[in-house]
Amino acid sequence: MRVYLVFLKKELIEAFKTYKLLIMGAVFIIFGILSPLSAKMMPDIIKWAMQTDPSTAGIDLAAIFSEPKALDAWSQFYSNIGQIGLLVLMIIFSGMIASELSEDKLTLILTKGLSRSAVIISKLSSSIIIWTVSYTIAFSISWVYTNYYFSDYKLPYYYFPDYKLPYLLFAGFCLWLFGVFLLSLLTLMATLTKKSSMLCLLSLAASFIILNIFNILPYVKKYNPITLGSTSIALLSDTITPRAVYPTLIIAVFAIVALTIFATIFFSAKAPPRIVATLIISLIASISVTVMLGEDIPARLRLNRYVISEMVVIGADTKWELAGILTLPKNAQDKVPAVVLVHGSGSSDMDETIFDNKPFRDIAEYLSRNGVAVLRYNKRSYTYGYVISQENDGGFTVWEETIEDAILATQLLKSDPRIDENRVFILGHSLGGMLAPRIHAMGGDYAGLIIFAGSPRFLLDIMKDQQFAALDMLEDGDKKAIAIEESYELFNSIERALKLTDEEAMTTNIEGVGPSAYYFKDMYDNPTSEYISNISIPFLVMQANADLQVYTNKDYALYLELLDGRSNVTFKLYEGLNHLFMPAKVSNINEVIDEYRIKSSVDKQALEDIVDWILNH
């Protein structure tokens, strides 16, 4: 330890004398100042540039550029530090060993029998200390300036500049750990390349490229330490939650330890057995801990004992081919019943992923383990969202969004010789549940309909309920009054559009919503209640009483009314579950997103009820 501390002190003094500390500090201070400043000024700079360009004359620039927020400043900060800042760091420390070996400084010391491991660990430690100090200074400066530029109210600087950035410190930690990982990798490369700092950098670049290539594989990406470089911005924008990063963090920590040990081994004349043993134990521990706390690999392996999973294509040879997964019970003796899963509103992948929750995957895997095949697929707007937005001529409706692909998926199921084509069902979630009767009537031809948190009401009525429920939770004041007024204006404009002809509705855009007026008019002209009244096949209506997006006293009650007296209808109401049929944690619709961030699973009783109902029909 004493030798290590002596070497560490020497490295820090040398870093000061060779201006490494000064350069790092200056670069990172600049980034700390410029990141929030550039985020604040960039829209104005671009506007000014566009105003001087004749080709942009007449364009409402104010409508294009939104007011910058604290998120923009922090995104700029993490982008600058994560790219240019780390590049500067790697260049400065690439010669940590080469420079001393070329000048024979280390040779003399090592011939005296002093610890080689102390040399390597002290060099890595000094680089980590300088990186930590520089990064902390830059982060603190950016924090102060972001609070100054972007807060609507002036708080003391020890408060967060934006209450909507709950993972700010965690995102900062992820980038810091990524820097430590790169430094440990750089140290290993420096010991391998010995006297060439340029070769050290090239080796580091090659390693970086290889690790990025591995990220093409989804399961590798979750564990690859290189993923930490892009994690910070994803955390701030709510694309992922901290839980999703835990496996990467665990592997990164163990990788840092392993790389340091490797560097010591290669720098030493011979590797002591205890170092090799420690390395092996570290690698085994990293894999074991990650499996226990990270991706549920054991569950995936167990699942493969009971379920066959096959990649399929919905709408093959059409313009809108969609990736999907068909799961089937393994070793089934006869043809099996099957279910098509149809998404709710918005752009969703085949698992209907929302943060760390995957309700469609939960349903597919449970049903397939219990005798029912399931087909799920990416929603068209998820795969082709940009193309749809560019080609939309105003005629986009739920047919293009949902119905057509659901019918194609059903046809694919019925054509599979392992599936009982007379026992194919549809499970529609939310909007999918609303549309399930229409999908059946337009070509689905199902053996039964499962309405999973659906509604027979008009979409606009549900939007009103959700919007005003959210506004009702706000404190009284001018902002609330303005929001209520704007909401009434929006809904009134949609209601007026319902009276237009189809051609007029296709060319009428409603400010504040994505689709044209025709999207709403099409649904208004094709009410779910009429389709229900003309359908005689079995229904399973499932509703959660703590659902804050569709309501027991309105949506579920209307299903009870519309399907009253039918002997082939089953109603299921679940206590304490939300719109995803997962445990409800909040009673305020404005907090629903926070609830969905909590990793959970679809309620087992609900899954059992689906299986029992299908197997009995």
Side-chain angles (χ1 to χ4, degrees), residues 337-345 363 367 372-376 397-415 419-462 519-544 547 550-552 554-573 581 606 609-617:
V339 175
V340 175
L341 303 185
V342 181
H343 314 77
S345 300
I363 294 170
L367 267 60
V372 181
V374 179
L375 178 57
R376 65 193 196 271
T397 66
V398 288
W399 168 262
E400 290 80 12
E401 181 188 19
T402 298
I403 297 174
E404 183 179 18
D405 296 323
I407 293 173
L408 290 172
T410 305
Q411 292 171 351
L412 181 65
L413 263 184
K414 291 184 176 182
S415 66
I419 303 298
D420 184 347
E421 62 179 328
N422 297 314
R423 297 181 68 199
V424 175
F425 301 81
I426 181 174
L427 185 153
H429 178 228
S430 194
L431 177 67
M434 179 189 295
L435 295 173
R438 184 173 172 183
I439 297 170
H440 168 75
M442 297 185 76
D445 191 22
Y446 299 103
L449 308 182
I450 303 172
I451 312 298
F452 202 64
S455 173
R457 294 192 293 149
F458 180 34
L459 178 62
L460 179 60
D461 295 330
I462 299 172
Y519 180 90
F520 293 94
K521 188 175 189 302
D522 169 76
M523 295 191 74
Y524 183 74
D525 293 340
N526 293 275
T528 300
S529 56
E530 286 190 11
Y531 286 101
I532 290 176
S533 64
N534 295 321
I535 291 175
S536 59
I537 62 172
F539 274 78
L540 171 60
V541 181
M542 307 177 72
Q543 174 73 45
D547 191 332
V550 293
Y551 307 101
T552 303
K554 293 184 178 181
D555 304 285
Y556 187 68
L558 187 53
Y559 277 123
L560 289 169
E561 179 183 330
L562 292 170
L563 295 166
D564 183 44
R566 297 195 191 185
S567 59
N568 61 349
V569 176
T570 303
F571 293 96
K572 293 286 184 178
L573 185 62
F581 283 79
D609 290 341
I610 295 171
V611 170
D612 291 344
W613 186 83
I614 290 174
L615 295 180
N616 287 315
H617 285 82

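Taking each heavy atom of Phe539 and Ile535 in turn, the nearest pair found is CE1-CG2, 3.8 Å. When all heavy atoms are compared, the tightest approach of Ala406 to Val340 is O-CG1, 4.4 Å. Of all heavy-atom pairs spanning Arg457 and Ile462, the tightest one is NH2-CG1, 3.8 Å. Closest approach of Ile419 to Ala373, counting heavy atoms only: CD1-CB, 3.5 Å. Closest of all the heavy-atom pairs between Thr410 and Gly444 is CG2-O, 3.6 Å. Between Pro337 and Leu615, the closest heavy-atom pair is CG-CD2, 4.2 Å.
Note: Phe452 CZ to Ser430 OG = 11.0 Å, rounded to the nearest 0.5 Å. Rounding to the nearest 0.5 angstrom, the gap separating the OG atom in Ser529 from the CD atom in Glu561 is 10.0 Å. The structure places NZ of Lys521 at 9.5 Å from CG of Asn526, a figure rounded to the nearest 0.5 Å. The distance from the OG1 atom of Thr402 to the CD1 atom of Ile407 is 11.0 Å, given to the nearest 0.5 Å. To the nearest 0.5 Å, atom NE2 of residue His440 and atom OH of residue Tyr531 are 11.5 Å apart. Rounded to the nearest 0.5 Å, atoms CZ (Arg566) and CD1 (Ile537) are 9.5 Å apart.
The side-chain contact (heavy atoms from CB on, under 4.5 Å) with Val424 is formed by just one residue from the set Leu413, Asp445, Val339; it is Leu413. Here the rule is side-chain contact (heavy atoms from CB on, under 4.5 Å) with Leu427, and of Ile610, Ile451, Val374, Leu367 only Ile610 fits it.
Between the side chain of Arg438 and the main chain of Trp399, no donor-acceptor pair closer than 3.5 Å is present. Using a distance-only test at 3.5 Å, with no hydrogens or angles considered, a donor-acceptor pair links the side chain of Asn568 to the main chain of Ser536.
The distance between the ring centers of Tyr559 and Phe571 does not fall below 6.0 angstrom.
Heavy atoms of other residues, nucleotides or ligands lying less than 6.0 angstrom from OH of Tyr524 number 12 at most.
Side-chain contact annotation: Glu401 with Tyr519, donor-acceptor N/O pair under 3.5 Å present.
Using cut-offs of 30° and 60° for the angle between ring planes, the Trp613 and Phe425 rings count as perpendicular.
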Original post:
Would Leu560 and Gln543 count as a side chain to side chain contact (heavy atoms under 4.5 Å, CB included) if you check the C-alpha gap in whole Å, the side-chain angles of each, and the deciding distance to 0.1 Å?
Top reply: CA-CA 11 Å; Leu560 289 169; Gln543 174 73 45; over 6 Å; no
**OP:** Might you work through the side chain to side chain contact (heavy atoms under 4.5 Å, CB included) test for Ile532 and Leu563, ending with a clear yes or no?
**Re:** CA-CA 8 Å; Ile532 290 176; Leu563 295 166; 3.6 Å; yes
**OP:** Evaluate the criterion side chain to side chain contact (heavy atoms under 4.5 Å, CB included) for residue pair Thr528 and Leu435; output intermediate values, then yes/no.
**Re:** CA-CA 7 Å; Thr528 300; Leu435 295 173; 5.7 Å; no
Subject >> Evaluation steps, side chain to side chain contact (heavy atoms under 4.5 Å, CB included), between Ile403 and Thr397 >> reply: CA-CA 9 Å; Ile403 297 174; Thr397 66; over 6 Å; no
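Using a 4.5 Å heavy-atom threshold, the side chains of His617 and Leu540 count as separate.
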